[in-house]
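In what follows, a structure is listed as structure tokens, so that the remarks can point back to it.
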2 protein chains.
Amino acid sequence: MTYSEENYLKVIYHLSHTANKGISTNAIANVMESKPSSVTDMVQKLADKELVEYVKYQGVTLTQKGMFMALMIVRKHRLWEVFLVEKLDFSWDEVHDVAEQLEHIKSEKLTNKLDEFLGFPTEDPHGDPIPDKDGRIASIDKKLLSEIGVSKKVICVGVKDSSPPFLQYLDKQQIALGSSIEVVAKEDFDHSLSLRVDGKNVTVSNKIASNLFVKPV
Amino acid sequence: MTYSEENYLKVIYHLSHTANKGISTNAIANVMESKPSSVTDMVQKLADKELVEYVKYQGVTLTQKGMFMALMIVRKHRLWEVFLVEKLDFSWDEVHDVAEQLEHIKSEKLTNKLDEFLGFPTEDPHGDPIPDKDGRIASIDKKLLSEIGVSKKVICVGVKDSSPPFLQYLDKQQIALGSSIEVVAKEDFDHSLSLRVDGKNVTVSNKIASNLFVKPV
DNA sequence: AAACATTTTTAGTCTTGGCTAAACATTAAG
DNA sequence: CTTAATGTTTAGCCAAGACTAAAAATGTTT
Ligand SMILES: [Mn+2]
Ligand SMILES: [Mn+2]
Ligand SMILES: [Mn+2]
Ligand SMILES: [Mn+2]
């Protein structure tokens, strides 16, 4: 498996969560910042290797084999993110780019020893679940903050977007994983939300609220 | 810098220690298990980027810039080897191949944080010195065991060959870094050596002895 | 100094993973 | 139900990094 093939599998895996039909070459190209024609080429190679199911014009889905490989890449990505935060004092907005590189290191022993060294974590620094060595992954039931009704109390359990600017914004507002949030009011005009976060009043836009995962308290 | 360019720089760096003229394309091809013609191509690219000095038919030498980059790759390689042994319980014969991958991860912050996490080690698991963040590298004065005279006492400080079979052989003979070695006798016929290693009698071939670095006690 | 042997470079080819432009399918409108 | 818009694939091209075979430079003998 090449670096490039691994990236395709990972992107297809992530896109599979928000769409239940086949993933279009266009969708893949958007995420990868490449062109649909390039995606078609690669997708055909992956189909030859039986990592994806592919029907022309109908999009692509992962096979069992492809799904497992994707999960192993996600596993490595998230374990390395934990390592960087827990052991090397990186902040949660600094880890993603480095993990993008580290996720391609090929050594089962390394992955499993790292897992052990970290105490078998179940979530990465952004609240995303970490697949175990057999590819099993917990699905936490979580909602977007934007979907929560007024006066409901929830706990922040994850971020949908883990780009540095968004994470830095959250840091600034002192919103972190584990923060308790109460939806005080929702503005009809711009759908912004008034919150009480760990006792402090904070107002956030709808865009922010629709990138924060929460669970009922 | 591509993965491939980095590997070339590293190989040129290592070869520079045993030869003081320019490194031949042939020598590089041998180490890289590729062909001299491929090396010529790449060496010309590295010269364009001013990472090496290259005169046709005269071999190649690292520039200041190329030397620094090579040292940073060696630094990462050796730091990761320490990490694998010290933190993840790898044995010294298992780390090299994984470090070959990890040495290409690009993040100064990661390298320096890892260095700190490991307590700023000065040597890797094979006794090789680790360059600091400015590229400074200690040169330990060490000799090959094969050059030591009869009845001299020395301490094992490094291995020249760090291939798994050789390292596993040393494990079997209970020869490790720090072992005290006395040369009891040298056989004229095959140049094999009778040793006392930490009090135990061991006989080793000349090939073994010329891959073990020692220093006078 | 010439001939031979060895080393090194050049010329031309291949594969991988991209791209653009053009052709073709599918979907949405009229 | 035909046309227009959009999405997708094909065809043809490119750069990186490898290779083989042939040419050229260098080194070693006689
Ligand atoms: Mn990430
Ligand atoms: Mn993450
Ligand atoms: Mn090594
Ligand atoms: Mn080493």
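Convention: sequence-line order gives letters A, B, ...; per-chain numbering from 1. When reading the values below, keep in mind they use all heavy atoms of this one structure, side chains included, and skip hydrogens, waters and symmetry mates.
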Counting only side-chain nitrogens and oxygens, does B:Ser4 get under 4.0 Å of the OP1 or OP2 atom of D:dA18?
yes
Quick one: pull up CD1 in A:Ile105 and CG in A:Leu110 and give me the separation to the nearest 0.5 Å.
7.5 Å
Could you check which of D:dA18, D:dT9, D:dA25 has an atom nearest any side-chain atom of B:Met42?
D:dA18
Any chance you could encode DNA chain C as dot-bracket? Rule is Watson-Crick or G-U wobble with both distances under 3.5 Å; [ ] for pairs crossing earlier ones, | for another strand.
||||||||||||||||||||||||||||||
May I have the distance from A:His104 (atom NE2) to C:dG17 (atom P), rounded to whole angstrom?
13 Å
Using whole Å, report how far NZ of A:Lys56 lies from C1' of D:dT8.
10 Å
Aromatic B:Phe90 / basic A:Lys109 pairing, under 6.0 angstrom, 45° off normal
yes
Heavy atoms under 4.0 Å, any strand shown: does B:Glu5 hit a base, just sugar-phosphate, or nothing?
nothing
To check you understand the geometry: which heavy-atom pair defines the closest contact between B:Leu193 and B:Ser205, and what is its length?
CD1-O, 4.5 Å
Salt bridge check, B:Arg75 against B:Glu103: does any charged N sit closer than 4.0 Å to a carboxylate O?
no
Expected output is a numbered-order residue list: members of residues 10-40 of chain A with a heavy atom under 4.0 Å from any atom of DNA chain D. What is it?
A:Ser24, A:Thr25, A:Asn26, A:Pro36, A:Ser37, A:Thr40
Is A:Lys45 near enough to C:dT16 that one of its side-chain N or O atoms lies under 4.0 angstrom from OP1 or OP2?
no
Choose from C:dT9, D:dT9, C:dC19 the nucleotide whose nearest atom is closest to any side-chain atom of A:Asp41.
C:dC19
Could you tell me whether the side chain of A:Thr111 and the main chain of A:Ser107 form a donor-acceptor pair under 3.5 Å?
yes
Base, sugar-phosphate, or nothing for A:Tyr3, non-hydrogen atoms under 4.0 angstrom?
nothing
Aromatic rings A:Phe83 and A:Phe117: how do their planes relate, parallel, tilted or perpendicular, breaks at 30° and 60°?
tilted
Report yes if at least one side-chain N or O of B:Tyr8 is closer than 4.0 Å to OP1 or OP2 of D:dA18; otherwise report no.
yes
Taking only Lys NZ, Arg NE, NH1 and NH2, and the carboxylate oxygens of Asp or Glu, determine whether A:Glu147 and A:Lys152 approach each other closer than 4.0 Å.
no
What are the two closest heavy atoms between B:Ile148 and B:Lys186, and how far apart are they?
O-NZ, 2.8 Å
Is A:Gln44 near enough to D:dT10 that one of its side-chain N or O atoms lies under 4.0 angstrom from OP1 or OP2?
yes
A:Lys113 with B:Glu94: basic N within carboxylate O range, under 4.0 Å:
no
Are OP1 or OP2 of C:dT8 and a side-chain N or O of B:Gln58 less than 4.0 angstrom apart?
no
